[in-house]
Amino acid sequence: MSSSDNEFDCCVAGSNTFPVPCSSLRKGMHCLIDGHPVRIINIDISKNGKHGHAKAHITGEDIFTGKKVEECCPTSHGMTAPVVTRQEYILIDIDGNYLTLQEMDGEIREDLTLPTNDDNLARQIRKSFDMTEKEFIITVVGAMDMEGVVQIRESTVPKRF
């Protein structure tokens, strides 16, 4: 058996996070605060004091719950940023609180639920689904082995089924 005869299954390798210097963080970027993935909504950098480093005061919003969190750290230190993914699906059905979603390549997912932290979004998804003449796109954000529905919008193509 030669080395070219080996078969390998494809897999996703890597980490859910990566290091990032605190001084390079900007508004709109993602980082981890208290172990939660957040989108930075404000960052203030103080000047060096007589006792050392400049400090960054970071205010972020949890990407899944929407809660505001804050952290203060020296700009010379490193922070951790999550690998954030964004995927769009076609809304097929709602069964209780579970969504049936279709990927753009035709695969079906039935493991995501309506948002529990955002009642307005959950109501909007149910109301949109009841509009049978239109097709809707659900946006799902993933980070740190978690996924959540964050948006619904009307598709530009007519409903297929």
Side-chain angles (χ1 to χ4, degrees), residues 9-105 107-129 136-155:
D9 290 330
C10 182
C11 66
V12 177
S15 175
N16 292 330
T17 62
F18 59 95
V20 60
C22 187
S23 60
S24 69
L25 291 175
R26 301 287 178 258
K27 185 176 178 178
M29 294 176 74
H30 295 93
C31 70
L32 289 182
I33 297 179
D34 296 330
H36 298 280
V38 301
R39 185 179 54 81
I40 298 172
I41 56 177
N42 191 24
I43 186 163
D44 292 320
I45 304 207
S46 66
K47 295 188 179 198
N48 296 10
K50 70 177 189 178
H51 295 294
H53 304 289
K55 302 257 191 288
H57 184 211
I58 302 166
T59 305
E61 183 178 66
D62 189 304
I63 63 174
F64 297 115
T65 65
K67 280 184 170 179
K68 274 191 176 181
V69 291
E70 295 182 1
E71 172 128 351
C72 190
C73 72
T75 57
S76 60
H77 290 181
M79 289 196 71
T80 305
V83 175
V84 178
T85 60
R86 191 174 194 89
Q87 181 75 31
E88 292 187 337
Y89 299 93
I90 301 168
L91 177 61
I92 303 294
D93 191 20
I94 300 175
D95 184 16
N97 283 336
Y98 283 90
L99 302 173
T100 302
L101 305 172
Q102 181 179 3
E103 294 182 29
M104 298 306 167
D105 66 1
E107 292 291 317
I108 301 291
R109 284 189 69 171
E110 299 177 317
D111 59 336
L112 289 171
T113 62
L114 285 168
T116 55
N117 61 328
D118 188 347
D119 291 336
N120 290 334
L121 180 57
R123 266 193 298 277
Q124 184 182 2
I125 291 171
R126 283 195 186 276
K127 182 179 174 185
S128 299
F129 179 70
F136 290 90
I137 304 295
I138 298 284
T139 304
V140 176
V141 170
M144 305 290 297
D145 296 326
M146 296 182 285
E147 288 184 308
V149 175
V150 294
Q151 182 184 18
I152 184 169
R153 66 178 169 81
E154 188 175 329
S155 176

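Just so you know, these numbers use all the heavy atoms, side chains as well, and skip hydrogens, waters and symmetry mates.
The structure places CG of D93 at 12.5 Å from CD of Q102, a figure rounded to the nearest 0.5 Å. Distance CZ/R26 to CD1/I43: 7.0 Å, rounded to 0.5 Å. A distance of 10.5 Å separates CD in E107 from OH in Y89, rounded to the nearest 0.5 Å. In this structure, the separation between CG on N120 and NZ on K127 is 11.5 Å, given to the nearest 0.5 Å. To the nearest 0.5 Å, atoms CD1 (I41) and CE (M29) are separated by 15.5 Å.
Residues I137 and L91 form no side-chain contact, since every pair of their non-hydrogen atoms from C-beta on lies 4.5 Å or further apart. Put simply, the side chain of D145 reaches to within 4.5 Å of the side chain of N16, judged on heavy atoms. Inter-residue side-chain proximity for T17 and L32 is flagged as met; some heavy-atom pair is nearer than 4.5 Å. Side-chain contact between M104 and I90: present, with at least one pair of heavy atoms (C-beta onward) separated by less than 4.5 Å. Looking only at side-chain heavy atoms (C-beta outward), T139 and V149 stay at 4.5 Å or farther from each other. By the 4.5 Å heavy-atom criterion applied to side chains, I138 and I125 are counted as neighbours. For the pair L99 and E110, the minimum side-chain heavy-atom distance is 4.5 Å or more. Annotation: side chain of L25 is in contact with side chain of V20 (closest heavy-atom distance under 4.5 Å).
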Pair R126, I94 - check side-chain contact (heavy atoms from CB on, under 4.5 Å), show working. CA-CA 8 Å; R126 283 195 186 276; I94 300 175; 3.6 Å; yes
### Message
Assess the residue pair I40 and C31 against the criterion (side-chain contact (heavy atoms from CB on, under 4.5 Å)); give the C-alpha distance rounded to whole Å, side-chain angles, the decisive distance to 0.1 Å, and a yes or no.
### Response
CA-CA 7 Å; I40 298 172; C31 70; 4.0 Å; yes
message: side-chain contact (heavy atoms from CB on, under 4.5 Å), that's the test. Do K47 and K55 meet it? Break it down for me.
response: CA-CA 7 Å; K47 295 188 179 198; K55 302 257 191 288; over 6 Å; no
**Step-by-step side-chain contact (heavy atoms from CB on, under 4.5 Å) determination, I45 to S23** = CA-CA 9 Å; I45 304 207; S23 60; 5.8 Å; no
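In terms of heavy-atom proximity, P74 sits nearest to H53 at CB-CB, 4.0 Å. In this structure, V150 and I63 approach most closely via the heavy-atom pair CG1-O, 4.1 Å. The two residues F129 and I92 make their nearest non-hydrogen contact at CE1-O, 3.2 Å. Here the closest non-hydrogen pair linking P37 and F64 is CG-CE1, 3.7 Å. Closest approach of S46 and A54 over heavy atoms only: O-CB, 3.0 Å. The shortest non-hydrogen separation linking I33 to I58 is CD1-CG2, 4.0 Å.
Listed for the S24 side chain is a donor-acceptor partner under 3.5 Å among the backbone atoms of P21. Using a distance-only test at 3.5 Å, with no hydrogens or angles considered, no donor-acceptor pair links the side chain of D34 to the main chain of H36. Between the D119 side chain and the L121 main chain, no donor and acceptor come within less than 3.5 Å of each other. A distance-only check finds no donor-acceptor pair linking the side chain of D95 to the backbone of Y98 [under 3.5 Å].
Contact check on R109 versus E147 returns a salt bridge, with a Lys/Arg side-chain nitrogen under 4.0 Å from an Asp/Glu carboxylate oxygen. Classification of E61 and K68 as a salt-bridged pair fails, no side-chain N sitting under 4.0 Å from a carboxylate O.
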